[in-house]
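What follows is a short report on a single structure.
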2 protein chains.
Amino acid sequence: MEKMLSQSIEDYLKAIYEVESSEEKVSTSALSEKLGVSPASVTSMVKKLSERKLITHKRYQGVKLTPAGRKIALEIIRHHRLVELYLKEALGVPWDQVHQEAEKWEHVLSEDLEDRIDKFLGYPVTDPHGSPIPRRDGTMIVRQCDALVDVEPDTLVKVVEVSDHDPELLRYLGGIGLYPETEMTVVSKQPFKGPIIVELTGKEYPIGRNAAKYILVEKANN
Amino acid sequence: MEKMLSQSIEDYLKAIYEVESSEEKVSTSALSEKLGVSPASVTSMVKKLSERKLITHKRYQGVKLTPAGRKIALEIIRHHRLVELYLKEALGVPWDQVHQEAEKWEHVLSEDLEDRIDKFLGYPVTDPHGSPIPRRDGTMIVRQCDALVDVEPDTLVKVVEVSDHDPELLRYLGGIGLYPETEMTVVSKQPFKGPIIVELTGKEYPIGRNAAKYILVEKANN
DNA sequence: AAAGAAATTTAGACAAGACTAAAATAATTT
DNA sequence: AAATTATTTTAGTCTTGTCTAAATTTCTTT
Ligand SMILES: [Mn+2]
Ligand SMILES: [Mn+2]
Ligand SMILES: [Mn+2]
Ligand SMILES: [Mn+2]
C-alpha cells in the first residue's frame with residue numbers, strides 16, 4: 001500500500017493543494033513561483049505526476065489533484081502542521097521558525113512517530129498559525145473566514161489564522177501579541193492603500209494592506 | 001562556512017568513521033556492505049570525497065578520513081545519537097526502533113534544534129545503547145572496554161554499550177533487562193561455540209556468541 | 001613463482017530532478 | 001482580426017548517485 005514518494009513529489013503535491021485552495025486554476029507559473037523552480041521543471045514533473053494518476057492535466061490549462069493525490073498532499077500537510085506545533089510546544093521553537101524546520105521534517109516522519117506526536121499534543125486541531133491539521137483519514141475541516149484586509153472598520157474580530165510563510169511578519173505580529181484566537185478591533189483603513197489600524201490590549205497598531213491579506217479573521221460573536 | 005552536504009555524502013562519511021573504529025583498513029567492500037550499494041558506487045563516491053578533501057585514498061588500499069571529514073562524520077553521529085535518545089525520552093519510542101528513525105532525522109536537524117534537544121536532555125553523554133555522544137566541537141570520548149564474547153567466566157561485568165543495528169537483539173536484551181549500566185555475571189561459555197550464560201537479577205540467560213560480540217562491557221569495580 | 005581467486009577500479013548506462021533556449025499555444029492590445 | 005505579449009511546453013543538457021559488465025590490481029594457493 002505504501003508507495004515510496006520522493007521529497008520532491010511530496011512538495012509538488014503539497015504546493016498544488018495549497019494553490020488549489022486559493023486560486024481558480026493551478027498554473028505552471030504559480031507552481032514555478034511557489035516551489036522556486038523553472039516553469040520547464042514544473043511541466044516535466046507535472047507529466048510524471050499525471051502518469052502516476054496523482055493529478056490530472058490538460059495541456060496549457062493547469063492541473064488538478066486526483067483523490068489519491070489529494071490524500072497524499074493532506075498527509076504531508078498533516079505532518080507539517082503537527083511538527084510545527086510539536087516544535088513549538090515541546091522544544092520552544094519560536095513560531096516564526098517552525099515552518100522552515102517543518103519543511104524538512106514533514107518528509108521523514110514515520111506513521112508511528114506521527115501518532116506519538118499527535119498523542120503527546122492531545123490530538124490538536126490547529127497548528128501554531130491557526131491552520132487546521134488534517135486528520136489521519138485524509139480529511140480536513142475547511143473554515144469560513146475573511147481576510148483582515150476585507151473587513152470594514154469598527155468591527156470586532158477574532159484572529160483565525162496567519163500565514164506561516166513570512167518569518168518577519170510573524171515576529172512583528174508576535175511582538176504586538178497578535179496570535180490565532182486573539183480578539184481585536186479594526187479601527188480604520190488608512191487611505192491610499194495605507195495600513196489597517198487594529199486595536200488590541202488597549203493599543204493601536206498598523207498592519208500593512210499586503211500583510212492583512214494573509215491574516216484570516218472571523219467576526220467575533222460579540 | 002557551512003557547506004551543504006547531501007544525505008548520501010553524510011552517510012558515507014559516517015560509515016567510514018564507523019568502519020575506521022573497528023577495522024584496520026576501510027575497504028571498498030566494507031563500505032559497500034555497510035551502505036548497501038555496489039562496490040563500483042563506493043569507488044565513485046570515494047573519488048568525489050577525495051576531491052573534496054574529506055578523505056584520503058590510495059588506490060586499492062582503502063580510505064581514511066581527513067580531520068575535516070572526521071569532524072563532519074562526528075557531527076552526523078552526534079545528531080544521530082541525540083535524536084535516538086530524544087525519541088526514547090520525549091516520545092517513548094522503544095530502544096529497538098530509535099536507530100531506524102534517527103537514520104533519517106540525523107540529516108535534517110538544524111543546529112538550533114540540535115541545541116534545544118541537547119538542553120532538553122540535560123546535555124547527555126551517551127545514547128540509549130550506551131554509545132558516547134560526540135560533543136559540539138567535534139570530539140568524542142573513546143572508552144576502553146571488552147566485547148562480552150571475550151570475557152572469562154565467573155567475572156562480574158557492567159554493560160557499557162550494545163550495538164544498535166539489530167532490533168531483534170535489542171528486543172531480546174530489553175526483555176531480559178540487559179541495558180547499558182546493568183551489572184551481570186558471566187557464568188559460563190558453553191562449548192562448541194555455544195552461548196554465553198549470564199546471570200542478572202537472579203536469573204540466568206543465554207546469549208549467542210555472535211550477539212556477544214556486539215555487547216561491550218567493562219569489569220565491574222568490585 | 002605462477003595460477004587462480006578476490007577485491008577494486010573503470011567504462012558505460014540510467015533515473016531523478018533540475019536548468020536554458022527555442023518552439024508552440026493562449027491571452028491581450030491595437 | 002492581426003499583432004504583440006505572456007505562458008506553457010519541448011528539446012537538449014547537466015549533476016547526483018546508482019547500477020552492471022569488463023578490466024585491472026592485489027591476495028592466496030599451490
Ligand atoms: Mn518540504
Ligand atoms: Mn503553519
Ligand atoms: Mn542516514
Ligand atoms: Mn545508538
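In what follows, chains carry the letters A, B, and so on, assigned in the order in which the sequence lines appear, proteins first and then strands, with residues in each chain numbered from 1.
Around atom CD of B:Q100, no more than 12 heavy atoms belonging to other residues, nucleotides or ligands sit under 6.0 Å away. Residue A:K64 qualifies as open at atom NZ: its count of foreign heavy atoms under 6.0 Å is 12 or below.
Residue contacts shown for B:T28 are limited to sugar-phosphate atoms, with no base heavy atom under 4.0 Å away. Among the atoms of the strands shown, base atoms are found under 4.0 Å from some heavy atom of B:T43. Note on A:S29: only backbone sugar-phosphate atoms sit closer than 4.0 angstrom, heavy atoms only; bases stay farther off. Backbone-only contact: B:S6 has heavy atoms under 4.0 Å from sugar-phosphate atoms and none from a base. Base engagement by A:S38 is indicated by at least one non-hydrogen atom pair under 4.0 Å involving a base atom.
Looking at B:H99, its side chain never comes within 3.5 Å of a backbone N or O of B:W95 through a donor-acceptor pair.
For B:A40, the listed nucleotide lying nearest its side chain is D:dA21; candidates were D:dT18, D:dT26, D:dA21. Side chain of B:S8, nearest nucleotide from C:dC19, D:dT18, C:dA11: D:dT18. Out of D:dT18, C:dT10, D:dT26, the shortest distance to the side chain of B:Y60 is found at D:dT26. Residue A:S27 places its side chain closer to D:dT8 than to any other of D:dT16, D:dT8, C:dA18.
One interatomic measurement links the two molecules: CD1 of B:I9 to C1' of D:dT16, which rounds to 9 Å at whole-angstrom precision. Nucleotide C:dT10 holds its C1' atom 13 Å from the NE2 atom of B:H57, rounded to whole Å. The distance between atom CG of A:L49 and atom P of D:dT9, rounded to the nearest whole Å, is 13 Å. Following rounding to the nearest Å, B:Q7 (CD) and D:dT15 (P) show an atom-to-atom distance of 22 Å. The separation between B:K48 atom NZ and C:dT9 atom P is 16 Å, rounded to whole Å. Between A:L31 atom CG and D:dT9 atom P the separation is 10 Å, expressed in whole Å. In this entry the distance linking NZ of B:K47 with P of D:dT15 reads 16 Å, nearest Å. In this structure, CZ of B:R59 is placed 9 Å from C1' of C:dT10, rounded to the nearest angstrom.
Taken from NZ in B:K14 to NE2 in B:H79, the straight-line distance is 11.5 Å, to the nearest 0.5 Å.
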Given A:D127 and A:H80, is the side-chain hydrogen bond (donor to acceptor under 3.5 Å, both in side chains) satisfied, shown in steps?
-> CA-CA 9 Å; A:D127 81 4; A:H80 183 99; 5.9 Å; no
